[in-house]
There are 2 protein chains.
Amino acid sequence: MTIPLPGAQVRGSKTGKPIMALLDLLGRTWALGIIWNLRSGPATFRELQQRCEKISPTLLNTRLKELKTLQLIENQESGYQLSSQGFDLFEIISPLGTWSSQWAQALMENKKS
Amino acid sequence: MTIPLPGAQVRGSKTGKPIMALLDLLGRTWALGIIWNLRSGPATFRELQQRCEKISPTLLNTRLKELKTLQLIENQESGYQLSSQGFDLFEIISPLGTWSSQWAQALMENKKS
DNA sequence: AAACATGCTACATTATTTGTAGCAAACTTA
DNA sequence: TAAGTTTGCTACAAATAATGTAGCATGTTT
């Protein structure tokens with residue numbers, strides 16, 4: 001799968017509008033999960049593998065390369081970490097944490113009835 | 001692929017923490033794209049297919065079922081549309097539109113140097 | 001120098017996505 | 001009212017992506 005560079009053809013868009021490139025990226029297995037799991041600080045490859053519970057090393061490496069190319073993460077001495085852009089992105093999606101709990105609760109209540 | 005119900009085992013989590021169920025869902029091909037494309041109002045199946053430019057009907061239908069089960073969209077007379085929960089979700093992620101443009105620009109500038 | 005840890009790669013198996021064709025049901029039009 | 005059209009979707013084979021396990025090279029600890 002080619003890396004969804006804004007400007008290039010990506011899933012969902014011939015023009016490569018930045019939002020489409022981003023949605024393509026985030027829509028790939030584990031991309032969001034990796035970003036989410038890096039929110040709590042840098043992690044080495046194996047650490048990150050554990051945070052992600054059951055990601056395969058093959059895919060982890062593939063995603064890390066993509067995220068690095070797209071400058072959302074960087075690889076420093078302390079391990080992989082969100083770049084400043086990656087962190088901005090995380091801040092946008094971070095309300096999903098709280099939201100998802102409410103959503104889960106609503107789902108349960110609707111199941112009852 | 002089983003629908004990532006909060007509480008069940010999902011990709012990335014044995015416990016099915018709601019956020020993990022959500023990230024699993026959103027990390028599926030086209031899930032984010034469909035939500036994004038419904039932001040501008042209801043659409044019939046074929047309309048939605050066009051908004052998504054090149055989604056296959058098979059997958060569109062699969063995702064629609066998932067999103068419906070998880071109460072993020074609903075199917076009314078006017079077609080498929082975001083449910084009130086789906087809309088809340090969209091509101092959280094909607095800043096990605098603007099953010100992605102800045103990101104794309106930053107990427108371009110870094111390419112130069 | 002032997003044992004261990006780390007960051008990956010190889011690769012076969014399995015799962016997901018695509019793309020095309022087309023069908024049944026509901027609506028139009030003649 | 002009978003012949004199109006359109007719509008919502010299913011079938012299915014081919015292509016692509018993800019998983020899981022093994023393991024290797026390099027660096028570090030004892």
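Numbered from 1 within each chain, the chains take letters A, B, ... in sequence-line order. No hydrogens, no waters, no symmetry mates; every other heavy atom, side chains included, goes into these values. Keep in mind the model is a prediction, meaning the values are calculated, not measured.
Taking atom CG of A:N75 as the reference point, atom C1' of C:dC8 lies 12 Å away to the nearest angstrom. Rounded to an integer number of Å, the gap from A:R11 CZ to C:dT18 P is 7 Å. Atom CD in A:Q49 sits roughly 9 Å away from atom P in C:dG7 (whole-Å rounding). Going from atom CZ of B:F45 over to atom C1' of C:dA26 covers 16 Å, rounded to whole Å.
Contact between A:P42 and A:E47 at its shortest, heavy atoms only, is O-OE1, 3.9 Å. Taking both residues in full, the closest heavy atoms of A:S13 and A:K17 are given as OG-N, 3.6 Å, listed atom of the first, atom of the second, then distance.
Not a single donor-acceptor pair under 3.5 Å links the side chain of B:W36 to the backbone N or O of B:W30.
Put simply, the side chain of B:I92 does not reach to within 4.5 Å of the side chain of B:D88, judged on heavy atoms. Side-chain atoms of A:I93 and A:L32, non-hydrogen and from C-beta on, do get closer than 4.5 Å to each other. Residues A:K68 and A:S83 form no side-chain contact, since every pair of their non-hydrogen atoms from C-beta on lies 4.5 Å or further apart.
Side-chain proximity of B:M1 to C:dT17, C:dG22, C:dC8: nearest is C:dT17. Taking every side-chain heavy atom of B:T29 into account, C:dT17 is the closest of C:dG22, C:dT17, C:dC8.
B:Y80 contributes atom OH, which lies 7.5 Å from atom CG of B:L60 (distance to the nearest 0.5 angstrom).
In the 5' to 3' direction, nucleotides of DNA chain D lying under 4.0 Å from heavy atoms of chain A begin and end at D:dA17 to D:dT21.
Annotation: of the two residues near DNA chain C, B:I55 and B:R46, the 5′-most nearest-nucleotide partner is B:I55.
Salt-bridge annotation for B:E53 and A:R11: absent, with no side-chain N of the basic residue lying under 4.0 Å from a carboxylate O of the acidic one.
A heavy atom closer than 4.0 Å to some atom of DNA chain D occurs in A:S56, A:P57, A:T58, A:L59, A:R63, these being the qualifying members of residues 56-73 of chain A.
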